[in-house]
Amino acid sequence: MKEERQIQIQFRLADVEEVQFATLTDVWPEGEMQVTNQLQFGAETDKRLVRCSVHFEYKKNDITQLLLTVQAVFAFARESWSTMYQLEGDEWVLPAGLLQHIADITIGAARGILAVRSADKGLPRVILPLVAVSQVVKNNIRFPRKQ
């Protein structure tokens, strides 16, 4: 039986940016809305940075009411970044569990931004639904080394 190696990965939240907040209606509709979400990851391997973006779209009767996109940037300690490097592929492999944690942090930031921005716009309390990140991010992600 093969034992999995446990490593401690050190990183910090370096930046959170509200990329997009747009209300596309003058009157907020009553009742339930459809909410869709997208989750994306990117990396600047030369700088040991990982970016996570979340995008939410609120619709009522197929008409977009609100758009929210938030990006969080995570900076990794040199030693931690090195432990994820795979020589044979000349790439960094980020474990699914780590990516899920990063996504949870980014979604939490989006939740706070949505609460503040909704109040600023005079919207009724807009709720960000729960996202089952473990159902969305199931596999490790590979980022090739940039020359």
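Every value quoted in this text rests on a predicted model; they were computed, and no experiment measured them. The figures here come from the full heavy-atom set of this structure, side chains too, leaving out hydrogens, waters and symmetry mates.
In this view, Glu18 and Arg117 satisfy the salt bridge (charged side-chain N to carboxylate O under 4.0 Å, His left out) rule, not counting sequence neighbours. Residues forming a salt bridge (charged side-chain N to carboxylate O under 4.0 Å, His left out) with Lys60 (at least two apart in sequence, or on another chain): none. Under the ring pair (Phe, Tyr, Trp, His ring centres under 6.0 Å) criterion, Phe56 pairs with no residue at all, not counting sequence neighbours. For the ring pair (Phe, Tyr, Trp, His ring centres under 6.0 Å) test, residues two or more places apart in sequence or in another chain that qualify with Tyr85 are Trp92.
Counting only distance, with no hydrogens or angles, the side chain of Arg12 and the backbone of Phe76 share no donor-acceptor pair below 3.5 Å. Remark: the backbone N or O of Val137 is paired with a side-chain donor or acceptor of Gln100 at under 3.5 angstrom. Not a single donor-acceptor pair under 3.5 Å links the side chain of Thr23 to the backbone N or O of Thr25. Side-chain atoms of Ser80 do not come within 3.5 Å of backbone N or O of Ile9 as any donor-acceptor pair.
Other residues, nucleotides and ligands place more than 12 heavy atoms under 6.0 Å from the NE2 atom of His55.
No side-chain heavy atom of Leu49 sits under 4.5 Å from any side-chain heavy atom of Phe11. A heavy-atom distance below 4.5 Å is not found between the side chains of Val93 and Ile141.
Here the CD-OG1 distance, from Gln38 to Thr69, works out to 8.0 Å after rounding to the nearest 0.5 Å.
Sorted by first then second residue, the salt bridge (charged side-chain N to carboxylate O under 4.0 Å, His left out) pairs that include residues 31-44, not counting sequence neighbours, are Glu44-Lys47, Glu44-Arg51.
Residues Leu99 and Phe41 come closest through the heavy atom pair O-CZ, 3.5 Å.
Other members of a hydrophobic cluster containing Val116 are absent, since no ILVMFWY side chain comes under 4.5 Å of it, directly or through relayed contacts.
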Before you tell me yes or no, could you show the steps for Asp15 and Phe74 under side-chain contact (heavy atoms from CB on, under 4.5 Å), namely the whole-Å CA-CA distance, both residues' side-chain angles and the distance that decides it to 0.1 Å?
CA-CA 7 Å; Asp15 189 29; Phe74 299 86; over 6 Å; no

